[in-house]
Number of protein chains: 2
Amino acid sequence: MTFSDLAKQLNVSTATVSRALSRPETVAPATRERVLEVVRRSGYQMNAIARSLRTQSTRTIGIIVSDIRNPFFSAIVKAVEDVARTNGYSVLICNADEDGRNEEVALQLLIERQVSGLIHCSAGANLNLLRILQKKSIPLVDLDRQSGLENVDTVVLDNQLGAALATRHLVDLGHKRVAIISGPKHLSNARTRLDGFRKTLRSAHIISQKKYTEFGDFREQSGRDAAERLLALPTPPSAIFVANNEMMAGALFAIRQRRIKVPRDLSLVGFDDARWAQYSDPPLTVVSQPTEAMGKKAAELLLGRLQGEKLANTIVFEPQLVVRRSTAPPKRK
Amino acid sequence: MTFSDLAKQLNVSTATVSRALSRPETVAPATRERVLEVVRRSGYQMNAIARSLRTQSTRTIGIIVSDIRNPFFSAIVKAVEDVARTNGYSVLICNADEDGRNEEVALQLLIERQVSGLIHCSAGANLNLLRILQKKSIPLVDLDRQSGLENVDTVVLDNQLGAALATRHLVDLGHKRVAIISGPKHLSNARTRLDGFRKTLRSAHIISQKKYTEFGDFREQSGRDAAERLLALPTPPSAIFVANNEMMAGALFAIRQRRIKVPRDLSLVGFDDARWAQYSDPPLTVVSQPTEAMGKKAAELLLGRLQGEKLANTIVFEPQLVVRRSTAPPKRK
DNA sequence: TTGTAAGCGTTATCAA
DNA sequence: TTGATAACGCTTACAA
């Protein structure tokens with residue numbers, strides 16, 4: 001059923017039907033009622049595709065996440081979908097699985113589908129593709145990870161501070177052999193965390209040793225592998241800072257396999273307070289970030305842009321250290 | 001940039017451009033190359049909205065989940081997105097948050113956006129809206145929860161068996177005071193689990209007592225409340241079967257607050273093996289379900305339908321009991 | 001206040 | 001093999 005069917009039935013023009021539905025105040029009360037009544041009775045459903053083509057607006061926001069199974073990103077998606085839906089927008093979701101090629105495909109797709117805006121929280125995207133967005137003046141917000149584009153709204157955590165909080169805590173407990181399982185070098189958030197870690201050690205006059213610096217890819221398996229290597233060292237670290245929750249899950253696996261007691265033999269600080277961190281054995285000390293708030297903010301910035309806001313904003317959220325029971329002073333030798 | 005711009009530049013008609021891109025074999029090799037070359041150089045991006053309007057096909061699949069933060073659903077979404085993307089489909093995601101009204105809004109939205117098909121894993125939807133889908137012959141697959149519609153593809157777990165496995169395990173350990181924290185009565189999966197629980201108790205000649213049957217809404221808070229009530233009983237249960245992972249998280253919270261020792265004072269079996277279940281203290285005994293496989297299957301059934309498959313399939317997956325350390329024989333009095 | 005008609009960017013039919 | 005043109009279902013000048 002289309003407007004023209006309805007129009008025939010009502011003996012009015014399609015324009016009137018359209019107006020009655022989209023801008024009711026521009027239609028005489030009597031006709032308006034007549035139209036709306038028939039629309040209700042017939043169960044007519046607007047064709048949003050046709051409308052989008054005509055208005056050049058899909059009211060759809062795209063989101064690319066790097067790993068939808070990571071609770072950090074589910075929380076983001078939830079928040080984004082929430083503000084989208086309540087503002088009459090829909091969400092096209094793409095999962096890059098921490099893989100740059102998937103991300104390119106996704107980006108391509110979203111551009112073709114004419115999304116009104118994009119929330120981007122994924123890997124080292126193809127900058128050229130992202131620039132296409134800008135050329136088409138499709139607003140973009142970088143979330144959690146910075147693409148490096150100019151004049152882009154950005155929502156991030158103060159990762160440097162987060163890492164510093166974690167490291168400081170370890171240092172204050174008396175740890176000297178402090179290791180890090182960092183994220184991949186091409187991601188801004190990983191780099192900043194590593195940076196905060198190093199600076200804090202330096203300011204405590206501890207030399208951050210190369211053998212205590214491992215790199216993963218933010219996924220579980222890599223955390224496990226990195227932990228294995230660390231634990232196999234002749235003098236293994238007495239504390240590890242793991243730079244995201246997925247790698248922490250992997251690290252825990254390795255640690256349990258070796259029957260290492262946390263925190264007696266090894267202190268552990270994680271990044272991002274996934275729910276399981278508090279249920280874990282022992283409950284994990286972590287740097288927590290306000291995930292839902294970040295997602296919400298990102299969506300709001302995007303909507304703001306779509307409503308004409310000119311300037312790009314950068315919002316920095318504050319991490320918090322949540323001390324639980326995976327950290328303790330090091331064993332004396 | 002549009003076909004007509006390209007056409008002008010190339011001195012061909014828009015029809016030729018369209019053909020060169022969509023059905024290259026229908027165009028003379030020479031012109032084809034010429035067209036493709038210009039398309040590449042100009043960085044032209046197809047407008048999928050216009051195409052959708054003309055072809056009456058959006059190649060978009062909608063998914064309504066009841067709680068995206070629940071790892072069960074993130075796994076589903078991941079799997080669905082995966083097979084969608086590799087088949088040239090996009091995914092419009094809606095999060096109902098276990099709320100029927102949100103679900104209606106979402107459904108409305110997805111219909112207007114002309115999704116090619118819908119994967120439905122949410123609450124007791126409005127059957128009338130779902131019927132609209134059928135009238136428009138938009139294929140629908142029920143995942144995890146059955147809507148009650150006829151001739152609909154369905155992917156479910158054998159919930160009855162799952163609950164039986166869990167209950168049997170408890171009974172075999174010698175528990176007589178076995179409680180359940182069930183999901184809401186209006187959800188098919190909740191009902192079936194409760195059913196399996198009751199039948200198993202009966203077959204073990206244990207009367208399932210009303211005071212040991214609590215209902216939640218599959219969300220964390222309700223699990224916590226239900227556990228509180230159970231634990232406040234004059235003779236509390238010696239074992240609880242919690243019918244989903246979110247409510248388990250809540251229950252755990254209540255249990256820890258009361259400093260009840262699991263499994264010494266209380267045995268616990270959960271439903272769905274979220275990752276945290278194995279990291280929990282103690283690691284949780286759970287009924288596990290092959291979540292990703294279920295999501296994948298659902299997407300495949302949907303694509304099958306879109307490719308012309310006539311008959312509705314029902315696929316039933318098998319749960320497995322994973323025994324960890326939250327269950328033990330009851331304390332002797 | 002309403003109607004007419006053009007137009008959004010594709011695809012598909014038909015003719016050349 | 002290619003081109004002219006209608007059509008998909010809406011919105012919006014502009015005219016009546």
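Being a predicted model, the structure only gives us computed values, none of them experimental. Note on naming: letters A, B, ... go to the chains in the order of the sequence lines (proteins, then strands), and numbering restarts at 1 for each one.
Here the side chain of A/T16 is nearest to one of C/dG9, D/dG3, C/dG3, namely C/dG3. Residue A/A15 places its side chain closer to D/dT12 than to any other of D/dG9, D/dT1, D/dT12. Residue B/N47 has its side chain nearest to C/dG9 when only D/dT11, C/dG3, C/dG9 are considered.
Judged purely by distance below 3.5 Å, without hydrogens or angles, the side chains of A/T60 and A/R113 never pair a donor atom with an acceptor atom.
The side chain of B/S18 contributes no N or O atom lying less than 4.0 Å from OP1 or OP2 of C/dT10. One finds a side-chain N or O of A/T31 lying less than 4.0 angstrom from the OP1 or OP2 phosphate oxygen of C/dT2. One finds a side-chain N or O of B/R51 lying less than 4.0 angstrom from the OP1 or OP2 phosphate oxygen of C/dT11. One finds a side-chain N or O of A/Y44 lying less than 4.0 angstrom from the OP1 or OP2 phosphate oxygen of D/dC10. For the OP1/OP2 pair of C/dT11 and a distance below 4.0 Å, the side-chain nitrogens and oxygens of B/S22 include at least one atom meeting the criterion. OP1 or OP2 of D/dT11 has not a single side-chain nitrogen or oxygen of A/Q56 nearer than 4.0 Å. Contact annotation: B/T2 does not reach the phosphate of C/dG9 (side-chain N/O to OP1 or OP2, under 4.0 Å).
Per the geometry, CG belonging to A/L6 stands 11 Å off C1' belonging to D/dG9, to the nearest Å. Regarding B/M46, its CE atom lies at a distance of 10 Å from the C1' atom of C/dG9, rounded to whole Å. Between B/K8 atom NZ and D/dA4 atom P the separation is 13 Å, expressed in whole Å. Here C/dT10 presents its P atom at 10 Å from CE of B/M1, a figure rounded to the nearest Å. Taking atom CZ of residue B/F3 and atom P of nucleotide C/dT10, one finds them 5 Å apart after rounding to whole Å. For A/R19 and D/dA13, the CZ to P distance is 11 Å, given to the nearest whole Å. Atom CZ in B/R34 sits roughly 13 Å away from atom C1' in D/dT1 (whole-Å rounding). Computed from coordinates, the B/N11 CG to D/dT1 C1' distance equals 16 Å when rounded to whole Å.
When the options A/N102, A/D97, A/N95 are evaluated for a side-chain hydrogen bond (donor to acceptor under 3.5 Å, both in side chains) with B/R85, the one that passes is A/N102. For the side-chain hydrogen bond (donor to acceptor under 3.5 Å, both in side chains) test with B/S122, the passing option among B/E103, B/R145, B/E98 is B/E103; the others fail.
Comment: A/R305 does not engage A/E300 in a salt bridge, judged by the lack of any side-chain N to carboxylate O separation of less than 4.0 angstrom. Electrostatic pairing of A/E37 and A/R32 does not count as a salt bridge here, judged by no charged N lying under 4.0 Å from a carboxylate O. For the pair A/E292 and B/R69, the salt-bridge criterion is met [side-chain N within less than 4.0 Å of a carboxylate O]. Ion pair A/R131/A/E150 flagged as a salt bridge, since at least one NZ, NE, NH1 or NH2 atom sits closer than 4.0 Å to an Asp/Glu carboxylate oxygen.
Between A/T14 and A/E25, the residue anchored closer to the 5' end of DNA chain C is A/E25, taking for each the nucleotide with the nearest heavy atom. Toward the 5' end of DNA chain D, the nearer of the two residues B/R32 and B/L53, judged by each one's closest nucleotide, is B/R32.
If you take CG on B/D142 and OG1 on B/T314, they are separated by 9.0 Å, rounding to the nearest 0.5 Å.
Side-chain to base pairing of B/R54 with C/dT10: no donor and acceptor N or O lie closer than 3.5 Å to each other.
From one end of the helix from C/dT1-D/dA16 to C/dA16-D/dT1 to the other, with five pairs defining each end axis, the axis direction shifts by 40° (rounded to 10°).
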